[in-house]
Amino acid sequence: MLVSEFMLQQTRVETVAPYYGKWLKRFPGFAALADATPDEVMLAWKGLGYYSRARNLHRTAQMVRDNHGGELPEDPVALRSLPGIGEYTAGAVASIAFGRRVAAVDGNVRRVLARLLDLPHPTPAQLRRAAARLLDPDRPGDHNEAMMELGATICTPRAPRCGECPVAASCTALAAGTVSRRPAPRPPRQVPRVDYATVVALDPAGRILLAKRPETGLLADMWEFPSARLTPPPASPADRRSPSETRTTQPERAAPTPAALAHLAALGYHGQPAATLAPVRHAFTHLRATYHPIVTFCENEGRDARDHPGPTTTWINPAHLDGYALPVAQQRIGALLTAWIAGNRPRASG
DNA sequence: GACTCGTGGAA
DNA sequence: TTTCCAAGAGT
């Protein structure tokens, strides 16, 4: 249940389903997960997104092993202290798995309560009080699941089916005619557009260069083709409050070559662009990225990550790309590269 | 309270 | 094609 709760944070059931079974087979319990390496954990989470969840679940497994005798604590306060377990997950696990009398307020329950009580801007404290007051003390787990299921199937964000709702008679927002505006949606923010030059370096043996991302921030601890930002950093958060009517003047297509070669030189390699692959677009939660992949032939002077400072890098056989934790956009670049190599194989003998 | 942090699917 | 999310947690 802990694995499913981690995976379901901000993620749909249909997306999680294929990962869940494979994960439990790969890591059958806390001990197996705790003993795994970070790379093994990231590889199993590859493609699921919000990768800090994987690192936190890994750390939680190690804390369960080292501090809790190998068994997950049942007390919601103890659960709350584990990495990646917040107020919601602690309440869900404690009530559903262990029968503790605590509420679990997720996005669905928040919406249900906001409508039942007609609260436009419910605070976490208001939601905690309301959920605790309504909780069925005899069946807290079933109650919490029922609240979430009600929000997922009847009390939906758009087009709620109030005619089928079992608690419609108690719904304050329904009586007031404000259901569609409860809770009030937050005003949209402008999403920055960012262009990256992506270096696909090929050595004479046909191997490609990968770099490991920093252990914090976007796509932490994931592998990627070395990339350099082409567009200036986004404006300060306060400057992008308004909707997208004022689209920033980003170039439709950035010129990638100089920055790409500069980045490559910074890594200690030099070469000439052999081809430019099709741009790859990818929408993150708060960022819309466009990667401009450049294929370049490089002399691999037998160097690897231990021979020079800077980011961790490694040369790999393109056929082994699946063995590395690459985010989705980088996997797409890898697919483009594979196709390009296949189309250029006859000329590669020189 | 504001902000960061992925992805795929529906509208 | 673009928007808007969906079973949150950490800073």
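First the proteins, then the strands, lettered A, B, ... as listed; each starts at 1.
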K.L.:
Does CZ in A/R101 sit with more than 12 non-hydrogen atoms of other residues, nucleotides or ligands closer than 6.0 Å?
P.N.:
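Result for CZ/A/R101: open.
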K.L.:
Between protein and nucleotides 6-11 of chain B, map the contacts as a letter string: B base, S sugar-phosphate only, - none, heavy atoms under 4.0 Å, written 5' to 3'.
P.N.:
BBB---
K.L.:
Can you see whether A/T156 engages A/R111 through a side-chain donor-acceptor pair at a distance of less than 3.5 angstrom?
P.N.:
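The criterion, which ignores hydrogens and geometry beyond distance, is not satisfied for A/R111 and A/T156.
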K.L.:
Going through the checks in order, is the side chain to side chain contact (heavy atoms under 4.5 Å, CB included) test met by A/Q330 and A/L321?
P.N.:
CA-CA 10 Å; A/Q330 302 294 313; A/L321 265 177; over 6 Å; no
K.L.:
Mapping A/G151 and A/L82 onto DNA chain C by nearest heavy atom, which one lands closer to the 5' end?
P.N.:
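This one resolves to A/G151.
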K.L.:
Roughly how far apart, to the nearest Å, are B/dG6 and C/dT11 at atom P?
P.N.:
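Comparing P positions in B/dG6 and C/dT11 gives a spacing of 14 Å.
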K.L.:
What integer distance in Å separates A/D106:CG from C/dG8:C1'?
P.N.:
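From A/D106 CG to C/dG8 C1': 9 Å.
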K.L.:
Within the structure, does a side-chain N or O atom of A/R189 lie under 4.0 Å from either OP1 or OP2 of B/dT4?
P.N.:
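Checking A/R189 against B/dT4: at least one side-chain N or O falls below 4.0 Å of OP1 or OP2.
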K.L.:
Using the closest heavy atom to pick a nucleotide of DNA chain C for each, name whichever of A/L8 or A/R80 lands nearer the 5' end.
P.N.:
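So the residue in question is A/L8.
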K.L.:
Using OP1 and OP2 only, check whether a side-chain N or O of A/H286 sits under 4.0 Å from B/dC5.
P.N.:
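Answer yes for this pair, as a side-chain N or O of A/H286 is under 4.0 Å from OP1 or OP2.
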K.L.:
Do A/L82 and A/H68 have side chains that get closer than 4.5 Å, going by heavy atoms?
P.N.:
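Heavy-atom side-chain distance check passes, below 4.5 Å.
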K.L.:
Check whether any side-chain N or O of A/R288 sits under 4.0 Å from OP1 or OP2 of C/dT2, and answer yes or no.
P.N.:
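Yes, within the criterion.
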K.L.:
For A/L57 and C/dA9, give me the distance from atom CG to atom P, rounded to whole Å.
P.N.:
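Nearest whole value for this atom pair: 13 Å.
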